[in-house]
Amino acid sequence: MIYRAQSLYWRHAPTRAATRFRTTTMPGSQVLMCDPSSITFTDDGWPVISCPATSDALQAASRLLRAGKPVVFPTETVYGLGALALDPAAASQIFSTKGRPPDNPLIVHVSSHAMLRRILPKDYKTSKLCDLLIRRFWPGPLTLLFPCDATVIPSIVTAGQPTVAIRMPSHPVARALIAETDAPLAAPSANSSGKPSPTRAEHVLQDLGGKVDLILNGGPCDVGLESTVVDALHEDGHVRILRPGGVTVEDIESAIAETYSAPSTRPRVLVHRRDYQDDAIEKAPTTPGMKYRHYSPSVPVSLLYTSTPPPPDQTSMSASSFFTTLRDASGSGIPLRIGLLVPDGSQLLRIAESTMDLECVHLSLGPVDDPAVSAQRLFHGLLSLEQEGVSHIVVEEVREVKEGLAFMNRIKKAAGEAFWVNIRPTEGHTPITC
Ligand code: TXA
Ligand code: MG
């Protein structure tokens, strides 16, 4: 039997304006709505909140945080599980709630430059390069490494590293919560360790419901995957991207080019594994996503390369053989229900749909040339398809430019296997040209 793909609607527009006021509860966890558009900031970073329900929700979250409990809150990247960064007992609850290995350090979130100064070593002067990155990308999805004052930042947060990762989120709810609490918050993504990061409050409730007292719901996250983690402390003066994310390599390169006019003195932007290799940090948990399994839903995920040629030790197969092999391998004798996360107009959808006894649930990654949309939809797509009860998820590659670099970084780690498939030339996308 031939099945037509069932397309899942994006049930909410991916904007914060969609936020509606509703309070949800699950035994042990309360969800309170916050309206990000009701929050503005004074020049010194103090929040002014026009919506009483949002103000009450933020105060309730702040009270819990000050009592040493973790709270889930939205950021522009993904939802975070926050606790007082300077209180080791509070920070330790992040690890137990997520099941996070203790050697994986946390990002500290601040709401203002004054708060940043409070946690840096007393006489530390930031470099010209660091000042530029802060000026251009904060508040926003960029995390920077700083030298750590071990008398201020507990070692549980840094996993004993000599550096601490810090960012200033731009999401009004995140920034207002940190300011209201008047304390930096350590916050990893609010998912059980190894799972995809949550980009909506519903994802958090599904995963950590009952394990956290309070989830602030600020609507879907705009960026949809995590911040870019940058090491700009290296003595050679170049910028190292430890984890690609919401601020793109292209954004950082153009900010540097505007400030350093002479190309000979201009810092270069080096992406780990793409532009440099470092065996020592490959093994270290401080390199984001290197040591532990990451971003994987409970169902198997396959990454399909449709434009990139296979490496020398791999061969490619036709897309239709891929789908028939997948169906036959299930060996269940009943039609196989799979999820497809592919760009608009992808031929993979048509080929999967025309495979006998394959039932497809389709989620769009947006236009093929809009990597920001694909990035915004990746984790939501994986989590929604898992919720739909599919047996296997198939994700098509996107070009590794702009946000596509972060998209591919995450999906390569989430996917248990990758295949290079041919789509007949008349049917395929235009091949990638570098
Ligand atoms: O967008 C984000 O960054 C989100 C939101 C909640 O802010 N947070 C987030 O946290 O993604 P998490 O824990 O899921 O990822 C933080 C990554 C970790 O993989 C860790 O290896 C890296 O940052 N990291 C933290 N401290 C570091 C350090 N001192 N040196 C190198 N990497 C560090
Ligand atoms: Mg994470």
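Every number for a ligand or one of its atoms is a count from 1 in the order of the listing.
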Quick one: are [X] and [Y] in side-chain contact, heavy atoms under 4.5 Å?
X      : Y      : value
Val223 : Gln376 : no
Leu133 : Leu144 : yes
Pro220 : His380 : no

Numbered atoms and elements of ligand 1 in range of [X], under 4.0 angstrom, heavy atoms:
X      : answer
Leu242 : 31 (C)
Gly80  : 6 (C)
Ser227 : 1 (O), 2 (C), 3 (O)
Ala165 : 25 (C), 26 (N), 27 (C)
Ala187 : 6 (C), 8 (N), 10 (O)

Kindly state each residue pair satisfying salt bridge (Lys or Arg N to Asp or Glu O under 4.0 Å) with at least one member in residues 244-261, sequence neighbours excluded.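 Those involving residues 244-261 are Arg136-Glu258.
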Distance-only N or O hit between ligand 1 and [X], under 3.5 Å:
X      : answer
His294 : no
Thr143 : no
Arg167 : yes
Arg243 : yes
Asn104 : yes
Thr77  : yes
Thr163 : yes

Contact with ligand 1 for Pro141, non-hydrogen, under 4.0 angstrom: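 Under 4.0 Å: no for Pro141.
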Would you please determine whether Leu145 falls within less than 4.0 Å of ligand 1 on a heavy-atom basis?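 The answer is yes, since Leu145 has a heavy atom less than 4.0 Å from ligand 1.
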Taking only residues two or more places apart in sequence or in another chain, which ones pass side-chain hydrogen bond (donor to acceptor under 3.5 Å, both in side chains) with Ser261?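 Partners of Ser261 under the side-chain hydrogen bond (donor to acceptor under 3.5 Å, both in side chains) test: none.
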Applying a heavy-atom cut-off of 4.0 Å, say which part of Ser189 lies close to ligand 1: side chain, backbone, both or neither.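 Both of them.
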Classify the contact between His171 and ligand 1 as side chain, backbone, both or neither, using a heavy-atom distance cut-off of under 4.0 Å.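 The answer is neither.
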So what's near the Mg ion (ligand 2), protein N, O or S atoms under 2.8 Å?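 The answer, once waters are left aside, is Ser189 OG.
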Can you find a side-chain donor-acceptor pair between Thr143 and Ser227 that sits under 3.5 Å?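 The answer is yes; a qualifying pair exists.
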When you compare the side chains of Glu226 and Ser189, does any donor N or O come within less than 3.5 Å of an acceptor on the partner?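 No, Ser189 and Glu226 have no side-chain donor paired with an acceptor closer than 3.5 Å.
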Could Arg175 and Phe41 be counted as a cation-pi pair, given that NZ or CZ must be under 6.0 Å from the ring centre and within 45° of the axis?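 So Arg175 does make the cation-pi contact.
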Would you say CZ of Arg117 has more than 12 non-hydrogen atoms from neighbouring residues, nucleotides or ligands within 6.0 angstrom?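 Correct, the count exceeds 12.
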Does Asp313 CG have over 12 foreign heavy atoms under 6.0 Å away?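 Counting other residues, nucleotides and ligands, CG of Asp313 exceeds 12 neighbours.
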Closer than 4.0 angstrom, basic N to acidic O: yes or no for Arg167 and Glu76?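 Salt bridge present between Arg167 and Glu76.
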In terms of side-chain geometry, is the basic nitrogen of Glu180 or Arg63 positioned less than 4.0 Å from the acidic oxygen of its partner?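 Judged by the 4.0 Å cut-off on N to carboxylate O distance, Glu180 and Arg63 do not form a salt bridge.
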Side chain to side chain donor-acceptor pair (under 3.5 Å): pairs with one or both residues in residues 119-128, sequence neighbours excluded: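 Listed once each, the pairs are Thr126-Asp131.
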Do Tyr295 and Phe379 have ring centroids that are under 6.0 Å from one another?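 That pair passes the under 6.0 Å test.
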